[in-house]
Amino acid sequence: MGLTLDSSVLIAAERRAQPVSGLLRTIKETTGQTVVVISAVSVIELAHGIWRANTEDRAAQRRL
């Protein structure tokens with residue numbers, strides 16, 4: 001069994017000023033050997049969010 005993350009989970013982490021890398025690390029520590037993935041649609045949504053960022057700093061933060 002695996003775990004598929006929706007982009008809303010990653011966006012919520014950004015709004016809490018938690019880097020996605022930190023969120024993914026926490027999920028991995030919690031789920032152990034469970035495979036964690038995001039869908040292609042979520043990848044596109046996140047990339048679009050980087051492109052639409054209103055400042056260079058925000059775009060850079062979203063790339064983390």
Side-chain angles (χ1 to χ4, degrees):
M1 180 92 47
L3 176 65
T4 302
L5 295 179
D6 184 67
S7 59
S8 63
V9 174
L10 304 172
I11 292 167
E14 178 197 2
R15 290 181 178 157
R16 290 189 313 267
Q18 179 183 15
V20 172
S21 57
L23 172 68
L24 295 176
R25 189 176 317 106
T26 300
I27 290 171
K28 188 64 176 168
E29 290 169 356
T30 304
T31 61
Q33 296 299 315
T34 302
V35 176
V36 179
V37 299
I38 62 173
S39 72
V41 172
S42 290
V43 172
I44 292 168
E45 290 172 340
L46 296 170
H48 184 73
I50 293 169
W51 181 77
R52 289 190 47 110
N54 57 359
T55 67
E56 286 298 319
D57 288 340
R58 180 166 283 166
Q61 181 64 34
R62 289 178 177 176
R63 285 186 187 96
L64 295 179

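Side-chain atoms are counted along with the backbone in the values below, which use heavy atoms only and exclude waters and symmetry mates.
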Which atom pairs, one a donor and one an acceptor, fall under 3.5 Å between side chains of residues 40-53 and the rest of the protein, sequence neighbours left out?
unit_1, atom_1, unit_2, atom_2, d
Ser42, OG, Ser7, N, 3.3
Ser42, OG, Ser39, OG, 3.3
Glu45, OE1, Ser7, OG, 2.3

For Thr55 and Asp57, test the side chains for any donor-to-acceptor distance below 3.5 angstrom and give the result as yes or no.
-> no
Euclidean distance, Lys28 NZ relative to Gln33 CD, rounded to 0.5 Å = 5.5 Å
Measure the spacing between CG of Leu5 and CD1 of Ile27 and express it to the nearest 0.5 Å.
-> 4.5 Å
